[in-house]
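Heavy-atom basis, side chains included; hydrogens, waters and symmetry copies ignored. The sequence lines fix the lettering, A, B, ..., with proteins before strands; numbering per chain opens at 1.
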There are 2 protein chains.
Amino acid sequence: MDDKDRQIIRALQRDGRMSNQDLAAMVNLSPSPCLRRVRNLEKSGVIEGYSARVNARAYGLAITAFVHIRLERHDEETVQNFERQIDGMEEVLECHVMTGQTDYQLRVVVESLDAYERFIRTQLQRLGGIGSIDTSFAYGTIKNSTVFPAR
Amino acid sequence: MDDKDRQIIRALQRDGRMSNQDLAAMVNLSPSPCLRRVRNLEKSGVIEGYSARVNARAYGLAITAFVHIRLERHDEETVQNFERQIDGMEEVLECHVMTGQTDYQLRVVVESLDAYERFIRTQLQRLGGIGSIDTSFAYGTIKNSTVFPAR
DNA sequence: TAATATTTGGCAGACCATGCTAATAGTGAG
DNA sequence: CTCACTATTAGCATGGTCTGCCAAATATTA
């Protein structure tokens with residue numbers, strides 16, 4: 001992982017479908033060594049994959065909520081059950097284990113406030129073992145970058 | 001935006017570098033109408049771009065922090081200044097305007113706790129106009145999906 | 001039903017990816 | 001300082017992919 005690798009990574013975070021030729025030109029390499037570096041980054045797991053960035057509202061997901069959750073108990077079974085179930089919920093895009101007052105922070109996307117209430121009541125609450133749920137809604141996004149800082 | 005468009009979107013959120021031929025096969029279209037749909041989604045802004053998903057730790061960013069910020073005042077100038085400066089900070093990947101107790105939630109990535117302290121003191125605090133800063137660190141990620149729910 | 005608009009499929013030329021080989025640069029021991 | 005060795009790079013050729021164009025098919029409206 002040298003400087004060229006980081007250049008490649010940032011270029012592909014900006015535009016993941018950029019052609020290998022353009023990428024090579026951008027980092028001052030010829031295409032074939034450039035491609036080898038990309039493949040290595042992929043195989044070693046540094047690059048985990050590629051995704052389309054999609055406008056959530058245009059897709060029909062008007063609501064983005066950050067949900068802070070505390071569990072009632074922290075025994076193995078409660079924790080594992082919670083995490084397994086969360087993993088299966090399509091509306092939950094992210095789930096982080098947190099320091100501080102809450103155990104987990106979720107990022108949830110749904111189409112409406114009604115759908116959010118439905119999600120909380122019929123999905124989250126039903127899990128059991130949940131101590132508290134605290135929701136904040138995002139009603140605007142100033143910045144949403146996919147590019148890591150340069151180092 | 002019909003069902004096929006949504007299928008295309010979800011497929012490209014899963015694998016943004018998938019070839020148009022494979023994508024077409026997956027949604028039961030021939031390559032050319034499939035490509036046309038993709039281009040339309042791009043031009044209309046539904047698909048905003050494509051990115052490589054990169055392992056932050058492998059890149060050298062060990063710390064992910066969610067930072068909750070309240071401004072001292074909410075006059076036009078303070079707000080605009082804050083948002084413009086935030087936009088220029090590479091360490092801030094996301095900045096959302098929030099409902100509830102705090103005005104903004106940031107997602108910040110840095111290489112170490114030292115670097116985080118440096119970021120807070122020499123970047124954030126220096127902005128001025130900030131009422132309170134409250135940080136939670138993510139020390140694990142259960143889920144990090146790029147694929148929207150099916151609808 | 002007929003006319004129109006929209007979407008689709010197939011084809012061809014240009015572009016790109018990628019394995020192979022040779023050349024170059026970097027490294028360490030003598 | 002030189003030589004041998006390794007790692008990395010560049011160039012080339014082949015095969016695959018993209019994408020614009022035109023005709024056919026499908027859906028829509030009157």
### Query
Is there side-chain contact between A:I69 and A:F82, with heavy atoms separated by less than 4.5 Å?
yes

### Task
Run the salt-bridge test on A:R53 and B:E48 with the 4.0 Å N-O cut-off and return the result as yes or no.
no

### Message
Using a 4.0 Å cut-off to any heavy atom of chain A, which nucleotides of DNA chain D are the first and last in contact, reading 5' to 3'?
### Response
D:dT9 to D:dG11

### Inter- and intrachain pairs under side chain to side chain donor-acceptor pair (under 3.5 Å), touching residues 142-151 of chain B, at least two apart
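Checked against side chain to side chain donor-acceptor pair (under 3.5 Å) - neighbours excluded - the pairs reaching residues 142-151 of chain B are A:S51-B:T146, A:E111-B:R151.
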
### side chain to side chain donor-acceptor pair (under 3.5 Å): pairs with one or both residues in residues 15-35 of chain A, sequence neighbours excluded
none

#### Entry: Pairs involving residues 17-63 of chain B, ordered by first then second residue, that meet ring-ring contact (aromatic ring centres under 6.0 Å, His included) (sequence neighbours left out)
A:F148-B:Y59

#### Entry: Sugar-phosphate only, base, or nothing, as touched by B:R36 at under 4.0 Å among non-hydrogen atoms
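Result for B:R36 = base.
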
### Query
Touch check for B:S19, heavy atoms < 4.0 angstrom, all strands: base, sugar-phosphate only, or nothing?
sugar-phosphate

### Summary
Ranking B:R17 and A:S30 by the position along DNA chain D of their nearest nucleotide, the one closer to 5' is A:S30

### Query
Does B:S32 or A:N20 map to a spot on DNA chain C nearer the 5' end, using the closest nucleotide for each?
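Final value for this comparison: B:S32.
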
### Hydrophobic cluster identity match, B:I133 and A:F66, side-chain contacts under 4.5 Å
no

### Message
If we check side-chain contact (heavy atoms from CB on, under 4.5 Å) with A:R37, which of these qualifies: A:L29, A:V27, A:L23?
### Response
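In the set A:L29, A:V27, A:L23, the residue that makes a side-chain contact (heavy atoms from CB on, under 4.5 Å) with A:R37 is A:L29.
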
### Query
By side chain to side chain contact (heavy atoms under 4.5 Å, CB included), which residues pair with A:L113, not counting sequence neighbours?
A:I63, A:F137

### Query
Quick one: how far along DNA chain C does chain A reach, first to last nucleotide 5' to 3', anything under 4.0 Å to a heavy atom?
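Nucleotide range in contact with chain A: C:dC16 to C:dG19.
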
